[in-house]
Every structure is written in structure tokens, then in C-alpha cells.
Peer 1: 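Got a structure for you, questions after.
Read the numbers this way: they start at 1 and go in the same order the structure lists the ligands and their atoms.
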Amino acid sequence: MKEEQAKSRIDALSVEIDRHNRLYYDQSNALISDFDFDMLLEELMRLEKEYPQFKHVDSPTQRVGGSISKSFEQYTHKNPMLSLGNTYSESELREFDQRVKKFANIEEVEYVCELKYDGVAISLIYEHGLLTKAVTRGDGVRGDIVTNNIKTIRSIPLKLQGNDFPKELELRGEILIPRDAFLKLNAEREELGEAPFANPRNAASGSIKMQDSAAVAKRPLECFLYYVIAEEKNFDSHYQSLEFAKNLGFQIPTTMARYSSIEGVFSFIKDWADAKDQLNFEIDGVVIKVNDFNLQKILGFTAKSPRWAISYKFKAERVQTRLLSVDFQVGRTGAITPVANLEAVQLAGTIVKRASLHNADIIEQLDIRLNDLVFVEKGGEIIPKIVGVNKQARTAESSVFKYAESCPECGTKLVRHESEANHYCPNELHCPPQIKGRIEHFISRKAMNIDNLGEGKVEMLFDAGLIRHLSDLFFIKAEAILGIEKRFVSEDGFQTKTMSLREKSVENILNGIEKSKQMPFPKVLYALGIRYVGETTAKKLATHFRSMENLKNADFEELISVEEVGEKIAQSVLDYFSKGEQILELEKLKAAGLQFEIEENNVSISTILSGKSFVVSGVFTRFSREEIKQLIEANGGKNASSISAKTDYVLAGENMGPAKLKKAESLKIPILSEYDFIRMIED
Ligand code: IVH
């Protein structure tokens with residue numbers, strides 16, 4: 001590609017990708033698929049790498065993150081980041097309204113009401129229309145510069161739209177993680193054995209303080225704008241300033257509203273107090289702002305907060321109750337969760353008797369003791385949590401309790417890995433909840449998908465002593481399970497239900513088990529429940545190694561060469577295959593007829609590469625090397641391992657060896673990028 005061509009392609013791609021970003025985020029109206037979008041982005045990244053002189057400072061590629069910094073530089077805010085005065089009562093809000101009127105000597109005031117987003121405050125500084133700095137609140141005077149991380153958030157423009165803006169512009173807003181994305185993120189973390197975030201706010205603040213902005217790019221962060229500071233004034237009111245921000249390309253909450261009296265404000269508060277749980281993000285109140293900028297100026301600031309705004313906080317759904325005892329629960333991965341047994345109390349419409357105590361660190365930080373009166377809250381999480389202790393009410397009855405030292409189920413001494421918040425029971429092969437958990441994971445929908453065998457039935461078969469290992473499932477005989485019964489007791493102990501295995505369900509169970517033998521190798525690998533090997537990792541390992549045998553024989557170096565497999569995963573895989581009992585178990589599963597190899601898929605897609613010989617080298621982004629080789633064959637081409645005069649193309653990924661490159665050049669063999677190749681087979 002000539003330089004000129006490269007420049008014009010970079011320009012065109014930058015504009016095009018920006019346009020799609022806006023369509024997707026501002027207008028929720030995507031015109032192209034995620035895949036096509038990623039392809040455009042990849043092409044731009046490749047061109048920018050080759051022709052850095054043409055890269056735009058506000059290139060959309062910055063959204064994907066990159067540089068790793070050790071610690072954040074500090075920045076002193078030009079205008080300190082103040083907090084807001086708080087109120088929880090209607091009468092205090094009326095007093096605020098009176099104060100404003102008296103101070104400015106007026107009869108009527110227009111207010112803007114906004115939601116009070118429960119996230120992390122951010123200050124965004126634009127110079128000549130470009131985002132040059134993003135700074136956290138810090139102590140209000142100085143904050144951390146987290147620009148690279150913030151640039152990954154697609155709802156924040158890197159370049160302002162149009163040209164109607166002052167040369168320096170500061171905007172403020174709240175960074176948050178939507179509820180559904182938060183639940184997904186936590187589920188992924190738990191699957192990988194990582195400690196879940198306590199709530200969406202912690203997840204958002206943890207995310208923007210990460211050192212690796214490429215990791216931040218994977219976090220589902222959003223930004224809601226609530227304040228514009230422009231030295232040169234372009235607008236008369238707060239409402240206008242946010243509309244102005246909207247025209248510059250920001251996402252402005254559609255929930256804000258204007259009222260000509262405090263009565264309107266009350267109706268807004270009431271509506272959102274009722275509807276807040278239906279939002280996909282957390283709010284903890286409403287912010288009320290004087291709309292008129294002249295009036296704001298007259299009112300000014302106190303040392304801590306503006307006189308022209310106040311926040312009305314919803315009363316947190318929080319109650320006090322007594323901590324009676326603490327249980328320690330063992331999860332599928334052996335992770336221990338401390339659970340509080342509480343004196344029953346009504347909270348947000350339900351009776352609460354148990355609450356999560358998270359982990360040993362949090363118990364220590366909050367100084368939670370038995371018989372204390374504790375505060376329980378229901379936040380974004382499903383399980384209520386203990387958020388503090390009423391220390392004034394502490395009596396002589398209060399007693400420090402010891403965190404479990406051994407597993408409550410099997411008695412094995414617990415371990416705690418450095419840098420991890422949770423304790424673990426290391427007896428993974430024989431600890432009952434870990435065995436049951438492993439079997440439940442094995443049969444789950446994303447794994448072996450064994451219909452008709454749910455948690456309850458696993459419990460029955462386990463209690464009957466019929467299943468201790470995954471492989472036992474495949475040797476179950478109908479006679480052995482027919483008629484098994486179990487009485488299940490509800491959590492409050494008042495209801496019981498008896499389940500028994502009759503002919504029909506026995507038949508269904510056995511059919512489901514039989515059918516699961518067809519599950520492809522990646523699913524089988526995921527189903528084994530190797531620590532840190534989630535669904536995606538299992539797929540990557542399976543496509544790279546092709547068979548259980550190859551995976552078993554792989555060494556550390558080869559494991560970490562697989563995309564997305566880091567040291568932690570590699571070590572976990574090695575540990576798994578180093579245990580004699582696991583090897584024995586694998587042999588039994590294989591004998592039972594499970595798929596231990598990738599089914600070589602010889603389907604032909606086209607003959608477009610027929611007669612062409614390829615040498616594939618290096619690391620690719622979209623496909624693994626094995627997948628690329630498969631694609632070549634599926635399109636009629638051949639794979640060769642070394643370059644010779646007979647080679648038609650060299651398909652080069654990142655880090656291709658220099659010797660190979662030299663040889664290809666000397667033989668004048670065309671070198672294709674992954675992208676060229678995709679284009680070639682797409683055509
Ligand atoms: S206005 C000078 N509006 O609440 C006034 N703040 O206690 C600037 N917040 O640190 C704040 N939603 O992080 C404003 N709609 C909203 C808000 C909001 C959430 C947060 C913000 C600030 C804190 C103030």
C-alpha cells in the first residue's frame with residue numbers, strides 16, 4: 001500500500017468507526033455486526049502500527065487500551081470537586097427552596113432534577129476539542145490522572161463533535177457499571193475463582209484504577225454526564241449546558257427534568273423512589289439543581305458544596321438486627337463463604353435471616369462480633385449484606401469469633417493463597433460439597449447439558465452413595481436408582497418435600513447421560529471443572545491441542561503460548577494432570593465413550609484456495625493458528641510446515657520468526673496478514 005493510500009484509508013476508517021460508535025451508543029442503533037465492527041477496528045490498528053505518522057490523536061483505536069502504567073500521576077483540579085449537601089426529608093428540602101429564594105430575593109425558582117448515580121465521579125478535560133485528561137475526584141483537590149483508562153469508555157467522546165466549543169472545556173460525570181453487566185462480570189470472576197465485587201460501584205471504581213488499560217477496555221463501563229464548566233459561557237442554564245454537551249457527543253440521561261416549583265421536585269422524587277429498582281443502574285437519590293446560571297452565580301458555594309444544589313437521598317433499605325452465629329459454607333471450587341445467621345428481620349419486603357459476611361478481611365475491617373447489633377442492607381446484590389456494627393449498642397455479650405480453620409464439611413485444614421481474599425478447602429477430590437458441586441457443574445447446561453438431572457437428583461444419588469466421581473454417572477444402572485427417595489426441607493424448616501425416582505424419571509436420567517456422550521471435546525474439557533478453565537479457555541485449549549492426550553502432555557511453555565492462557569491457568573492445568581486420581585478418572589470417562597478429541601471437521605466451505613499451499617506462522621488475533629489452518633483446508637488449500645519455492649503464500653501473524661520472514665522475502669513469496677487472508681476467503 002502506498003503512503004497516500006494508507007493515509008486516506010486511515011482517515012476513512014477513523015470517521016467510519018466513530019460513526020458506528022455513535023450509532024451504537026448514542027442512538028442505540030447499530031448498523032453493522034460486532035464482528036464487522038471489530039474487523040474495521042483491526043484494520044485501522046494494523047495501518048496505524050505501520051504508518052504511525054497518520055494516526056489521529058483521537059483515533060477510535062484508543063478505546064481498546066494498551067499502555068500499562070505503574071502508578072497514576074496526580075492532578076490538581078482547577079475547580080475543586082465538591083460534594084453535595086444531603087437531605088433525607090421533605091421539610092429540609094423545603095428549607096433549601098426557601099433559602100434559595102431568600103438569598104436571591106426572588107419568588108420563583110426553576111429546578112432541574114437528575115438522578116444521583118451511584119458510581120465514581122470523573123472530571124473530563126477537553127482542549128481544542130480533544131480529550132486530554134480524565135481525573136478522579138481524589139480528595140476533591142487532587143485526583144489521579146486515569147486518561148488512558150477513561151478513553152476505553154465508548155460513551156465518552158475522544159473528540160468533540162462540531163466546532164461550537166470553547167478551547168478549554170471541563171465536564172464532570174459519573175462512571176458506572178450497569179446492573180446486568182455487573183452480575184455477568186461477577187459470575188465470570190467466580191467461575192475463575194476470583195473474589196466477586198461487592199457492588200457495581202466498587203466494580204466501577206476498581207476498574208478505572210486498574211494499571212492495564214486493555215483490561216479496563218473489557219469492563220462494561222458507562223459515563224453519565226451531570227456538569228459542564230466552561231470558562232467562556234455558551235449557555236444560560238444548567239439544562240442548556242447539558243443539551244450543549246449532548247450536541248458535543250455525550251450521553252445525557254433522558255431521566256432529567258425541569259420544574260418551576262419545589263412541588264414538581266417532590267413528584268420527581270416520588271416517581272423515582274418507586275421506580276428506581278427498574279433501572280439497569282444503581283442510584284441512591286435525586287440531585288436538585290437551580291437551573292439559571294446567573295442565579296447559581298449569586299448563590300455561589302460554601303467551603304464544601306454549592307448553595308445552588310442539594311441531593312435528596314433515598315433512605316437506604318437498612319435495618320438493625322442481632323448476629324446470632326456464623327456458618328462457613330463451602331462452594332464448588334472449595335471457596336469458603338462466611339454466612340451470618342441473624343435474628344429474623346423485615347427488609348425491603350422480605351424476611352431476612354441470613355446475610356453474607358464476604359470474607360475474613362471484611363469481618364476484621366468492620367470488627368463484627370457475635371451478639372452485636374449489625375446493620376443489614378439490601379443493595380444491588382440478591383443476598384443481603386452486613387454493612388456495619390452498631391458499636392454503641394455493644395454489650396458484654398459481644399464476643400469475637402474465630403474464622404474457620406478447617407473445612408466444616410470434611411475437616412481438612414483450610415488454606416489461603418497470597419493475594420486472595422477467600423479461604424479454600426484444598427480437599428477437592430473428597431470434600432462432599434466440592435464433589436457435588438463438581439458433578440452439578442459437569443451436568444450443567446453449558447457443560448454436558450444432561451437434562452433431567454438437576455441439583456436435587458445429584459444430591460439423591462450422592463446420598464445414596466452412588467456417585468463420588470464424574471465417571472460414576474456413566475455406570476449407573478436403572479435398578480440401582482429406581483425408587484430412591486429423599487426428603488428435602490425448606491430453608492425455614494417448615495416445609496418438606498419428598499422426591500422419589502420413578503421409572504419415567506430414571507429413564508430420562510439415563511437417556512440424558514447417554515446423549516451427553518456426543519458432547520464435543522471443548523464442552524467435555526469445560527465440564528471437568530479444572531480451576532480457572534472457563535468456557536472460553538476450554539475452547540481455546542481444545543482447538544489448540546486437539547485432544548485430551550495432547551493437552552495432558554503439554555508443558556508450561558506450550559500452555560502459555562495459547563491465546564488468553566496466562567501463568568495461573570497454565571499452572572492449574574498442569575496441577576490437574578499431575579494427579580494420579582484425575583488421570584484414572586479421565587481414563588474411565590474415556591472408556592465410557594466421552595469425546596476426548598476435536599472432531600476434525602472436513603466440511604468444505606469453498607474451493608477458492610484450491611491448489612494453493614500455505615505456511616502459517618506467528619500469533620493471530622481473530623483466530624488461533626489451528627483455526628486458520630482449518631480454514632485453509634476447508635477452502636481447498638493445503639498447509640505446509642516450511643517455506644519452499646512451492647509455497648504460494650505465507651500467512652504471517654505477530655511475532656513471526658525473522659528467519660522465516662527472510663526466506664519468504666528471498667523467494668518472493670507473498671506475505672499475507674490475517675486480515676488479508678480473511679478478505680481473500682470472504683471474496
Ligand atoms: S452534581 C458541584 N449531579 O454525587 C456539584 N453529582 O455528593 C457537582 N453524583 O461527587 C455534583 N449523580 O459523583 C451531581 N446528577 C448528579 C450526580 C452527582 C451522582 C455524585 C458525584 C458527586 C457526588 C456529590
Peer 1: Report the part of K289 (side chain from C-beta onward, or backbone N, CA, C, O) that has a heavy atom under 4.0 Å from ligand 1; answer both or neither where that applies.
Peer 2: side chain
Peer 1: Between F301, Y226, W308, F224, which one has a non-hydrogen atom sitting closest to atom 16 (C) of ligand 1?
Peer 2: Y226
Peer 1: Starting from atom 13 (O) of ligand 1, locate the nearest protein heavy atom and write down its residue, its atom name and how far away it is, to 0.1 Å.
Peer 2: E174 OE1, 2.5 Å
Peer 1: If we count only N and O atoms by modelled type, under 3.5 Å, do the side chains of E114 and H238 hold a donor and an acceptor together?
Peer 2: yes
Peer 1: What is the closest protein heavy atom to atom 12 (N) of ligand 1, and at what distance does it sit?
Peer 2: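 Closest protein heavy atom to atom 12 (N) of ligand 1: Y117 N, 3.1 Å.
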Peer 1: One thing to verify: whether K159 and D18 come together as a salt bridge, which I'm taking to mean a side-chain N less than 4.0 angstrom from a carboxylate O.
Peer 2: no
Peer 1: In plain terms, say whether D367 and R394 are close enough for a salt bridge, that is, a side-chain N and a carboxylate O under 4.0 Å apart.
Peer 2: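 Here D367 pairs with R394 in a salt bridge, since their nearest N and O are under 4.0 Å apart.
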Peer 1: Do S260 and E108 pair up side chain to side chain, a donor and an acceptor below 3.5 Å, judged on atom types alone?
Peer 2: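 Absent: no donor and acceptor within the cut-off.
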Peer 1: Heavy-atom contacts under 4.0 Å between L84 and ligand 1: side chain, backbone, both, or neither?
Peer 2: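 The answer is both, backbone and side chain.
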Peer 1: Indicate whether the side chain of N422 and that of R416 have a donor and an acceptor atom separated by less than 3.5 Å.
Peer 2: no
Peer 1: Please work out whether the ring planes of Y117 and F224 are parallel, tilted or perpendicular, with thresholds of 30° and 60°.
Peer 2: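 Rings of Y117 and F224: perpendicular, over 60°.
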Peer 1: Below 3.5 Å, N or O to N or O, backbone or side chain included: is there any such pair between E114 and ligand 1?
Peer 2: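 For ligand 1, there is an N or O atom that lies under 3.5 Å from one belonging to E114.
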Peer 1: With heavy-atom distances below 4.0 Å as the criterion, list the atoms of ligand 1 near A121.
Peer 2: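 Listed by number with element: 10 (O), 13 (O).
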Peer 1: Can you find an N or O of P306 that's nearer than 3.5 Å to an N or O of ligand 1?
Peer 2: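 Such a contact does not occur with ligand 1.
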Peer 1: With a cutoff of 4.0 Å, is L115 in contact with ligand 1, counting heavy atoms of the residue only?
Peer 2: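 Checking ligand 1 against L115, which is what was asked, there is a heavy-atom contact under 4.0 Å.
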